[in-house]
Asks: 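Take a look at this one; I'll ask things after.
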Amino acid sequence: MSLFAAVPLAPPDAIFNVTTRYNADTNPNKVNLGVGAYRTEEGKPWVLPVVRRVEAAMAADLTLNHEYLPIAGLDQFVECASRLVLGRDSPALVSGTATAVQTLSGTGAVRMIAEFLHAFHPVKVVYFSSPTWGNHNHIFKTAGYGGDCQRWYRYYCKETRALDFAGMTEDLENAPEGAIIVLHSCAHNPTGVDPNQEQWKKIADILQRRRLVPIFDSAYQGFATGDLDADAFPVRHCVSRGIQLFGAQSFSKNFGLYNERAGILVAVTGSPDEAAAVKSQLKRITRALVSNPPNHGARIVATVLNNPALYQEWVDCLKIMSGRIKEMRLALHAKLKANGTPGSWNHVVDQIGMFTFTGLEPKQVEYLTDEYHLYLLGNGRINMCGLTPANVDYVAKAIHETVLAVPF
Ligand code: LMR
């Protein structure tokens with residue numbers, strides 16, 4: 001009898017399997033609108049020029065080596081990344097109540113937060129937006145929050161294709177005191193629908209009054225609006241009000257460092273002593289999970305964030321990326337309108353960030369893939385960066401034909 005005989009086959013990952021299927025398709029018209037990664041106007045991956053230059057300098061610097069990083073990561077990276085999330089003059093940084101460790105990008109940070117809370121927070125209930133990034137539930141389940149521990153707050157309204165603010169706030173009000181609430185700082189994945197600043201303030205009221213435990217998943221700072229400060233508003237606002245929270249910051253998208261897994265976990269606590277204790281426990285979790293984090297991406301980010309000229313170059317890159325996404329939104333919207341595609345498509349321009357939640361239904365998604373070789377998520381999410389001036393016509397026509405052939 002084999003040791004492995006009883007192991008069932010796991011389902012493929014809903015996002016990465018789209019890439020696998022796209023790669024296997026030999027049709028020349030195929031378009032990948034799946035995984036959230038930036039593409040240039042030519043449809044190619046983009047290594048930011050500022051990243052290339054820093055990497056070249058790193059390769060030439062013979063004082064650098066491949067020694068282990070400390071368990072909490074590269075100090076200068078953790079420090080400048082914390083300032084980016086919380087703001088340079090954040091009260092949490094000034095008072096020493098914030099602490100942070102380097103993580104394997106945002107995903108690693110969310111997993112570490114889940115591990116930490118499972119060990120130290122008595123309320124074993126976590127709320128996700130409905131819908132949320134497919135990996136959130138999976139991460140929390142793996143960290144011990146299975147079954148009834150997982151709940152949903154209303155977020156996206158199918159009819160209006162916009163935020164269900166009343167539903168969201170009602171569900172947060174009714175969450176048990178101390179419940180963990182996973183929030184997206186900006187550019188909500190998969191819907192591209194964010195609360196505005198006034199709405200965030202009301203959400204903060206509830207978080208504070210109900211003593212909820214917010215986790216801000218921040219995978220797109222700089223991508224939503226092109227403005228790093230505006231995209232960090234929800235976190236910074238909560239901190240300014242004295243709300244204790246966690247942040248999971250990724251540098252995959254805004255630095256194009258997808259496979260370098262550069263990120264940090266930030267915790268805003270009640271005192272410097274608490275911060276020190278929390279950090280010590282986070283280091284123990286890191287040691288048990290991955291021993292210590294990788295260096296390459298962290299060093300690139302630290303070098304850029306700590307040098308005003310490089311920083312400015314990076315901000316310019318962010319503007320190019322977010323600007324291209326906005327252009328593609330306008331182009332797709334204009335073409336769907338010009339084609340007279342049934343339905344309202346204003347959400348294509350109203351939503352922000354990398355994704356549009358098209359509203360296309362699973363049967364329509366299947367048709368788009370089978371007939372037109374368009375690869376998108378089964379829930380109708382498309383990565384706007386997969387659109388280019390060369391393929392947007394084709395994509396708009398394919399959506400048009402699909403909606404006619406397979407009505408809503
Ligand atoms: C996505 O949502 O496509 C990205 O965040 C990539 C991932 O890890 O799922």
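Along the sequence shown, residues are numbered consecutively beginning with 1. Order of listing sets the numbers, starting from 1, for every ligand and every atom in it.
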Asks: Look only at the side chain of Q249 and the backbone of V266, and say whether a donor-acceptor pair between them is shorter than 3.5 Å.
Replies: no
Asks: Run the numbers for me: atoms of ligand 1, each under 4.0 Å from some heavy atom of V35, listed by number.
Replies: 3 (O), 6 (C)
Asks: Closest non-hydrogen protein atom to atom 8 (O) of ligand 1, residue and atom name please, with distance?
Replies: W133 CZ2, 3.5 Å
Asks: Is there a heavy atom of F16 sitting under 4.0 angstrom from any atom of ligand 1?
Replies: yes
Asks: Using a strict cut-off of 4.0 Å, indicate which atoms of ligand 1 neighbour a heavy atom of K253.
Replies: 4 (C), 5 (O), 6 (C)
Asks: Between the side chains of D350 and R161, is the shortest nitrogen-to-carboxylate-oxygen separation below 4.0 Å, so that they form an ion pair?
Replies: no
Asks: For the aromatic rings, using the six-membered ring if either is Trp, is the centroid distance between W314 and F255 under 6.0 Å?
Replies: yes
Asks: Under a 3.5 Å distance rule, please check whether Q221 uses its side chain to pair with a backbone N or O of L228 as donor and acceptor.
Replies: yes
Asks: Report the part of N189 (side chain from C-beta onward, or backbone N, CA, C, O) that has a heavy atom under 4.0 Å from ligand 1; answer both or neither where that applies.
Replies: side chain
Asks: For R241, does the CZ atom have more than 12 heavy-atom neighbours from other residues, nucleotides or ligands under 6.0 Å away?
Replies: yes
Asks: I need the atoms of ligand 1 closer than 4.0 Å to a non-hydrogen atom of R381, numbered in the order shown.
Replies: 1 (C), 2 (O), 3 (O)
